[in-house]
Protein chains: 2
Amino acid sequence: MRVTIKDVAKLAGVAPSTVTRVIQNKSTISDETKKRVREAMVELDYHPNLNARSLVSQSSQVIALVLPIDSDVFYQNPFFPTVLRGITQIASDNDYAIQICTGQNEERRLDNLKQLIYGNRVDGLIFLYSNPNDPLVEFAIKDKFPFLILGKAASPFVSLVDNDNIKAAFDATDYFIQQNYRKIAFIGGNKELFVSQDRYEGYKEALQKAGIPLDEKLVHFSFGFMLEDNSYQMMESLPLAELDAIMTTDILVAEVVRQYLLEHQLTIPIISFDSIKPRLDIEAYIDINAVELGRESVRTILQIIKDHKEGKTVCYRQLIDHTITKL
Amino acid sequence: MRVTIKDVAKLAGVAPSTVTRVIQNKSTISDETKKRVREAMVELDYHPNLNARSLVSQSSQVIALVLPIDSDVFYQNPFFPTVLRGITQIASDNDYAIQICTGQNEERRLDNLKQLIYGNRVDGLIFLYSNPNDPLVEFAIKDKFPFLILGKAASPFVSLVDNDNIKAAFDATDYFIQQNYRKIAFIGGNKELFVSQDRYEGYKEALQKAGIPLDEKLVHFSFGFMLEDNSYQMMESLPLAELDAIMTTDILVAEVVRQYLLEHQLTIPIISFDSIKPRLDIEAYIDINAVELGRESVRTILQIIKDHKEGKTVCYRQLIDHTITKL
DNA sequence: CTGAAAGCGCTTACAG
DNA sequence: CTGAAAGCGCTTACAG
């Protein structure tokens with residue numbers, strides 16, 4: 001058997017409850033006793049049984065990352081692994097563990113989530129996607145369970161951590177405008193996603209501010225994953241010869257655009273969004289700072305969990321700055 | 001408070017232990033009682049406290065995915081999200097949850113792992129990388145804790161799930177040889193990785209079988225992440241004009257190669273390995289079937305966990321077939 | 001076929 | 001400053 005708190009107590013000559021207090025570093029315990037107990041813990045290589053601890057403390061020290069259905073485009077994008085790096089950093093700093101929650105369909109995803117929540121296996125949730133009317137988000141709201149959305153939220157009373165995507169797209173478009181480009185195409189990802197909509201909004205605002213009329217023929221959205229058979233067709237519908245620049249909202253989209261241009265020996269500057277330094281040779285990119293998004297979302301969910309224990313309900317809205325980088 | 005087993009028992013008019021037996025679907029319970037208890041569970045929307053269950057059953061129903069240090073190239077590759085899809089599928093089918101274990105340095109990673117293992121929070125581990133002399137793997141071996149490696153293992157007594165990388169690279173090279181190509185370059189990823197070494201081995205074997213002498217000038221390995229300043233230099237050191245074809249062991253490498261060729265208006269067919277359909281326009285790719293790798297690794301670790309409970313120690317070596325796809 | 005009791009390994013009041 | 005007792009919500013022998 002593993003070594004238990006009793007073993008430590010016996011070796012240190014104290015009661016188990018005293019060992020607990022030493023672990024919690026309570027100020028009521030004498031330094032001398034603390035020292036003795038800590039030595040015993042090291043000597044026995046003691047690690048508390050987390051299930052026992054969670055059972056009584058009603059807290060699991062686990063955060064669940066809620067992912068979309070496992071067939072989603074989400075998994076193609078470097079966003080997820082990058083944001084995960086930031087998440088694990090801060091989680092580990094705070095002795096929190098990370099659990100994954102997903103499933104093959106909506107029903108399974110909800111089942112899995114319920115099991116985690118009702119089963120007391122997690123203290124809070126981070127949603128790594130945001131769709132309108134997501135049943136899991138709605139469940140968390142109804143259950144008053146601590147959660148936040150990494151991205152935009154449909155409801156205004158939901159905590160979130162996100163970029164200012166309108167501003168970011170404004171900056172991206174403006175970057176080209178400053179170079180006296182006027183014919184700037186916009187090629188977005190899935191139009192259903194908040195993020196595509198916001199970036200389109202920023203594009204329009206930048207044009208408007210510069211007095212450039214919006215030309216619908218320069219605007220395209222792709223549905224789901226970009227490298228479909230029709231993506232080249234879409235490129236051909238653009239007035240490529242007159243184009244000054246192209247803005248894409250997604251690195252997967254940018255890859256296809258870039259490839260098309262190379263194959264047709266066209267040189268049109270591209271700007272895109274990415275969560276890592278793009279591996280393709282484009283003009284510039286908006287770094288959404290995915291690692292920091294991950295970090296901040298853990299800091300925030302930790303705060304929400306704390307608030308929840310104290311009976312408070314605060315709605316947090318944290319914006320992470322983007323940076324524009326010329327390549 | 002959440003509804004507990006006592007609430008269910010009371011509503012169904014039975015003892016708590018009977019509720020447990022119904023959940024476990026023991027054959028000793030009468031159908032009539034089962035029915036009553038199940039109705040009560042549904043009515044109360046009962047979900048057992050997993051911490052209490054784990055405490056007594058000594059089993060957490062959680063598998064940890066052990067990841068490399070969070071600065072690793074690993075996170076750039078679509079391998080991880082793809083394999084994760086397979087993992088969550090089978091885990092969810094078997095009522096297992098997935099936890100992430102990583103850290104900013106080796107020490108933290110080992111600490112986190114120990115906490116999970118000694119804390120009874122996980123039943124088994126899947127290592128998503130394989131390096132010689134990894135301290136975490138060595139800890140799992142010493143502790144006799146159930147684990148497997150997704151990839152090649154240094155020790156011959158360690159369970160693993162992997163592709164036959166030698167065979168896969170052989171097939172890739174042979175694909176070109178069958179087209180009467182003879183000058184085939186090999187551009188590998190990090191030479192320290194087993195996977196690069198094995199793929200190089202397969203390349204050599206295919207050449208040898210075809211009677212083509214190995215030309216060292218056609219062979220290159222990159223260190224770490226490919227898109228470094230020296231990657232174009234490396235391309236220029238190749239006798240590009242004479243080359244019939246290029247094989248790369250990694251899609252990140254292939255991207256750079258492809259980009260170089262496009263920019264220099266060279267058309268040399270490329271074959272690469274990938275875990276998803278490549279988003280770039282190359283001749284063919286070896287699909288390593290990452291989703292199936294994920295699925296099989298969960299099936300296998302579940303078996304290892306079961307063996308462990310029964311005191312057995314079996315070493316499993318599961319190979320997942322690759323497929324070659326012309327694009 | 002089912003119940004009562006004991007116990008998993010912690011932590012949290014309660015005492016002193 | 002520290003200990004003894006109770007209890008978190010389950011499951012597992014033990015009885016009958």
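Every heavy atom of this structure was used, including side-chain atoms; hydrogens, water molecules and symmetry mates were not. Chain A is the first sequence line, chain B the second, and so forth, proteins listed ahead of strands; every chain is numbered from 1. Remember, predicted model here, so these are calculated numbers, not experimental data.
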| query | For A:R121 and D:dG9, what is the distance between atoms CZ and P respectively, to the nearest whole Å? | reply | 15 Å
| task | Identify whether the distance between the nearest side-chain nitrogen and carboxylate oxygen of B:R299 and B:E292 falls below 4.0 Å. | result | yes
| message | What is the separation between atom CE on A:M41 and atom P on C:dG9, rounded to the nearest whole Å? | response | 18 Å
| Does a side-chain N or O from A:Q24 land closer than 4.0 Å to OP1 or OP2 of C:dT12, or not? | yes
| Are A:D307 and A:Q303 close enough that a side-chain donor and a side-chain acceptor fall under 3.5 Å? | yes
| query | Whole-Å distance between D:dT11 P and B:N120 CG? | reply | 16 Å
| message | Base, sugar-phosphate or nothing for A:S57? Non-hydrogen atoms, less than 4.0 Å. | response | nothing
| task | May I have the distance from A:I5 (atom CD1) to C:dT12 (atom P), rounded to whole angstrom? | result | 11 Å
| query | Base, sugar-phosphate alone, or nothing: which one does B:V14 contact when heavy atoms must sit under 4.0 Å apart? | reply | sugar-phosphate
| task | May I ask you to say what B:T33 touches in the nucleic acid, namely base, sugar-phosphate or nothing, with a heavy-atom cut-off under 4.0 Å? | result | sugar-phosphate
| Which nucleotide, in any strand shown, forms a Watson-Crick or G-U wobble pair with D:dA4, with both distances under 3.5 Å? | none
| Looking only at side-chain N and O atoms, does B:Y46 come under 4.0 Å of OP1 or OP2 in D:dC10? | yes
| task | Indicate whether OP1 or OP2 belonging to D:dG3 is found under 4.0 Å from a side-chain N or O atom of A:S17. | result | no
| message | Using a 6.0 Å cut-off, check whether atom CD of B:E107 has over 12 heavy atoms from anything other than its own residue. | response | no
| field | D:dT2 phosphate, OP1 or OP2, under 4.0 Å from A:S30 side-chain N/O | value | yes
| query | Any ion pair linking B:K142 and B:E138 (charged N to carboxylate O, less than 4.0 Å)? | reply | no
| Does a salt bridge link B:R108 with A:D93, judged by any charged N lying under 4.0 Å from a carboxylate O? | yes
| field | Closest to side chain of B:A15, choosing from C:dT12, D:dT12, C:dG3 | value | C:dG3
| task | Kindly indicate whether the side chain of B:R2 and the base of D:dG9 share any N or O donor-acceptor pair separated by less than 3.5 Å? | result | no
| query | CG of B:L50 versus P of D:dC10: gap in Å, rounded? | reply | 9 Å
| message | With a 3.5 Å limit on both atom pairs, tell me what C:dA13 is paired to, counting Watson-Crick and G-U wobble, or say none. | response | none
| task | Specify the separation, in whole Å, of atom CG of B:N51 and atom P of C:dT11. | result | 13 Å
| said: Would you say A:T4 places a side-chain N or O within less than 4.0 Å of OP1 or OP2 belonging to C:dG9? | reply: no
| query | To the nearest Å, how far apart are B:K6 NZ and C:dG3 P? | reply | 15 Å
| message | Between B:N49 and B:R21, which residue's closest nucleotide on DNA chain D lies nearer the 5′ terminus? | response | B:N49
| query | So which nucleotide from C:dC8, D:dG3, D:dG9 ends up closest to the side chain of A:L55? | reply | D:dG9
| Residue whose closest nucleotide on DNA chain C lies nearer the 5' end, B:G13 versus A:P16 | B:G13
| Protein-nucleotide distance (A:H47, atom NE2; C:dG9, atom C1'), rounded to Å | 16 Å
| Carboxylate-amine/guanidinium proximity below 4.0 Å for B:R2 and A:D143 | yes
| task | Examine D:dC1: is either OP1 or OP2 under 4.0 Å from a nitrogen or oxygen in the side chain of A:T28? Give yes or no. | result | no
